[in-house]
Number of protein chains: 2
Amino acid sequence: MPLYQQLHDDLATKIKEQVWRPGQLMPSETELKNLYQVAIGTVRKAIEALIAEGLVERSHGKGTFVRKPRFDNSLFRFFRFESADGQRRVPSSRIVQRQVLPATAYIANALQLKTGAPVIELLRLRSVDQQPMLAENIYLCAQRFAPLMTLATDEFGDLLYPLYERSCGQIIASANEVLTVEAITDAQAKLLQLPRHTSVVVIERLALGSDGKPLEWRQSRGAASKFRYSAEIR
Amino acid sequence: MPLYQQLHDDLATKIKEQVWRPGQLMPSETELKNLYQVAIGTVRKAIEALIAEGLVERSHGKGTFVRKPRFDNSLFRFFRFESADGQRRVPSSRIVQRQVLPATAYIANALQLKTGAPVIELLRLRSVDQQPMLAENIYLCAQRFAPLMTLATDEFGDLLYPLYERSCGQIIASANEVLTVEAITDAQAKLLQLPRHTSVVVIERLALGSDGKPLEWRQSRGAASKFRYSAEIR
DNA sequence: TAGTGGTCTAGACCACATG
DNA sequence: ATGTGGTCTAGACCACTAT
């Protein structure tokens, strides 16, 4: 494995372990060069990779800083429902149910766990102006996200990804979503206060860490008639 | 402007002007170094930028190659309907209607034209295995896309973006899509061979050139039950 | 064996930010 | 004035590909 790669991995680990805290200055090129006994070009290459991943920022004359995740951005990055006028609102969130159960084959596959491995299931209802908008089934590896089982569910707050980071040290970096439309089940109809047989949009999301490993799998359901989803293709 | 940037721009221009053709080998690092009288590191940095943009590919021991635009890729980039098993198929395409008409305020706004400016409207039906899947309304600036009005519609082929490039020199580089669900109109129900009042997914797409200028606006409609859309969020 | 890209080194000089 | 990152140089050595 190339030197700059090893160096990069080492730095990335230190950032994840918060040896250097978000927003803080990390060692300069020359310091790192001396610390690791490598050429300055090698240090630069390792840091350039960190920049590409969004882990650090450099500022000429100042230094290299560990980036703090901007959740006002990522909230909108991941929450892609729009109201009819194209505005995006932060819905309030309520955890309806929380339990640990053995992973089904499908979920285990998505999260790259063994079938039957313990996963946390969260049922969550998200509302805008007291109107239920989305019902979500969320699955997480029970080991990685163990702190979520002890914390009171009414302290989870309206956004889960900041919570994952705060209480479990897990950072969501990207996601894949698949959208389909189906008829609602009776249980969900009740939860969402919709008539039976309404058609709902299902968003299946696999959320990944910065290393590309799957961290969370969720299904979100909401009334199709109120649905609006936007995407950029590059 | 930094040297490596200038070099990069020069190389990028030569690629776009097809001085080196797609698929062909371009000069090696040492050749470029001598040609431009710069250090080899500078050449490398310029080429790394070309790689990041997807303009070239390098292969160890072989050399640096100009990438040929893969329309089999970009087709899938933009046509995101998937069959139930996750496979993606190339639908066949038929132009049902073609006319020039004055732009409505909405379309003019989307395409950044004046209201009433002439636009080409295409109605297009896309089928998989003779089954109609998608009905599309497509709008293009009549000036830019004038050649499309003289060409026979049965020679358009199954994909429009390669056609835009071949016959009008217009290249689609990115797009924004907005998805909604609505009830089908009677005319569309007939075209898509669906029962009345079926719910359909509507995909509104604004396709942009590499300069970010809007080139095409389209609405695609297909039965919600057969719908599957996947997106990557970064 | 010759040519290519991939890695790594060691340093010079500049532009920017701060005290 | 000092320290930082940004640019640029000049070359060594290695691993891969082709002949």
Side-chain angles (χ1 to χ4, degrees), chain A residues 1-16 18-70 210-212, chain B residues 1-16 18-68 70:
Chain A
M1 186 184 268
L3 233 188
Y4 73 90
Q5 186 65 267
Q6 295 174 37
L7 178 52
H8 160 269
D9 291 354
D10 199 68
L11 297 176
T13 309
K14 289 217 168 102
I15 289 169
K16 274 165 202 158
Q18 309 219 6
V19 175
W20 308 302
R21 306 261 154 166
Q24 277 188 354
L25 204 56
M26 55 176 274
S28 73
E29 294 181 346
T30 23
E31 284 176 299
L32 290 172
K33 162 183 94 92
N34 297 330
L35 238 151
Y36 286 91
Q37 294 291 313
V38 295
I40 193 136
T42 308
V43 174
R44 293 190 64 81
K45 196 154 186 185
I47 293 181
E48 268 157 24
L50 294 176
I51 295 170
E53 292 167 86
L55 283 175
V56 303
E57 276 173 335
R58 313 191 89 180
S59 163
H60 199 157
K62 288 192 193 171
T64 306
F65 297 84
V66 178
R67 255 183 54 167
K68 40 183 134 189
R70 297 290 314 138
S210 57
D211 53 358
Chain B
M1 187 184 268
L3 234 189
Y4 73 90
Q5 187 65 267
Q6 295 174 38
L7 177 52
H8 161 270
D9 291 353
D10 200 69
L11 296 176
T13 309
K14 288 216 167 106
I15 289 167
K16 273 165 202 158
Q18 309 220 3
V19 175
W20 308 302
R21 306 259 155 168
Q24 276 186 358
L25 202 57
M26 54 176 275
S28 73
E29 294 180 347
T30 24
E31 284 177 299
L32 289 173
K33 161 184 93 89
N34 296 331
L35 239 151
Y36 287 89
Q37 294 291 313
V38 295
I40 194 136
T42 308
V43 174
R44 293 189 66 78
K45 195 152 185 187
I47 293 181
E48 266 155 26
L50 294 175
I51 295 170
E53 292 167 86
L55 282 175
V56 303
E57 275 172 336
R58 314 191 86 179
S59 165
H60 199 158
K62 289 191 191 170
T64 307
F65 297 85
V66 178
R67 259 184 52 169
K68 39 182 133 185
R70 301 288 312 140

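Chain naming here is simple, since letters A, B, ... match the order of the sequence lines and numbering starts at 1 in each. Since the model is a prediction, treat every value here as computed from it, not as a measurement.
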Might you list the N or O atoms of the protein lying below 3.5 Å from N or O atoms in nucleotides 13-19 of chain D, with each pair's distance?
from	atom 1	to	atom 2	distance (Å)
D/dA15	N3	B/H60	NE2	2.9

Q) Residues two or more places apart in sequence or in another chain: which of them pass salt bridge (Lys or Arg N to Asp or Glu O under 4.0 Å) with B/K14? A) B/D10
Q: Under the side chain to side chain contact (heavy atoms under 4.5 Å, CB included) rule, collect the residues that match up with B/L25, sequence neighbours excluded.
A: B/F65
Q) Considering all heavy atoms of both residues, which atom of A/H8 and which atom of A/L50 are nearest to each other, and what is their separation? A) CD2-CD2, 3.3 Å
Q. To the nearest Å, how far apart are B/E48 CD and C/dG5 P?
A. 12 Å
Q: Would you mind reading off the distance between A/I40 atom CD1 and D/dT7 atom P, rounded to a whole angstrom?
A: 14 Å
Q: Give the rounded distance in Å between these two atoms: CZ of A/F65 and P of C/dT18.
A: 8 Å
Q: Taking only the side-chain heavy atoms of A/Y4 (C-beta and beyond), determine which of D/dG5, C/dC8, D/dC8 contains the nearest atom.
A: C/dC8
Q | Expected output: side-chain B/Q5 to main-chain B/P2 donor-acceptor under 3.5 Å | A | no
Q.
Measure NE2/B/H8 against P/D/dG6 and give the value in whole Å, please.
A. 18 Å
Q) Can you name the residues that form a side-chain hydrogen bond (donor to acceptor under 3.5 Å, both in side chains) with A/S59, not counting sequence neighbours? A) none
Q) A/V66 and A/R21: which non-hydrogen atoms are nearest, and at how many Å? A) CB-O, 3.5 Å
Q.
Under the rule for side-chain hydrogen bond (donor to acceptor under 3.5 Å, both in side chains), what residues qualify as partners of B/R44, not counting sequence neighbours?
A. B/E29
Q) Near DNA chain D, which residues from residues 25-35 of chain A have a heavy atom under 4.0 Å away? A) A/S28, A/E29, A/T30
Q.
Could you report the tightest heavy-atom contact between B/P27 and B/E31, atom names first, then the distance?
A. CA-OE1, 3.4 Å
Q. For D/dT4, does either OP1 or OP2 sit under 4.0 Å from a side-chain N or O belonging to A/R58?
A. no
Q) How long is the line joining NZ of A/K45 and P of C/dC8, in whole Å? A) 8 Å
**Q.** Rounded distance (nearest 0.5 Å) linking atom OG of B/S28 with atom CD1 of B/I47
**A.** 8.5 Å
Q.
Does a side-chain N or O of B/R44 approach OP1 or OP2 of C/dG6 to a distance below 4.0 Å, or not?
A. yes
Q: Measure the distance from CD1 on B/I47 to C1' on C/dG6 and round it to the nearest whole Å.
A: 12 Å
Q. Roughly, in whole Å, what's the span from CD in A/Q37 to P in C/dC8?
A. 15 Å
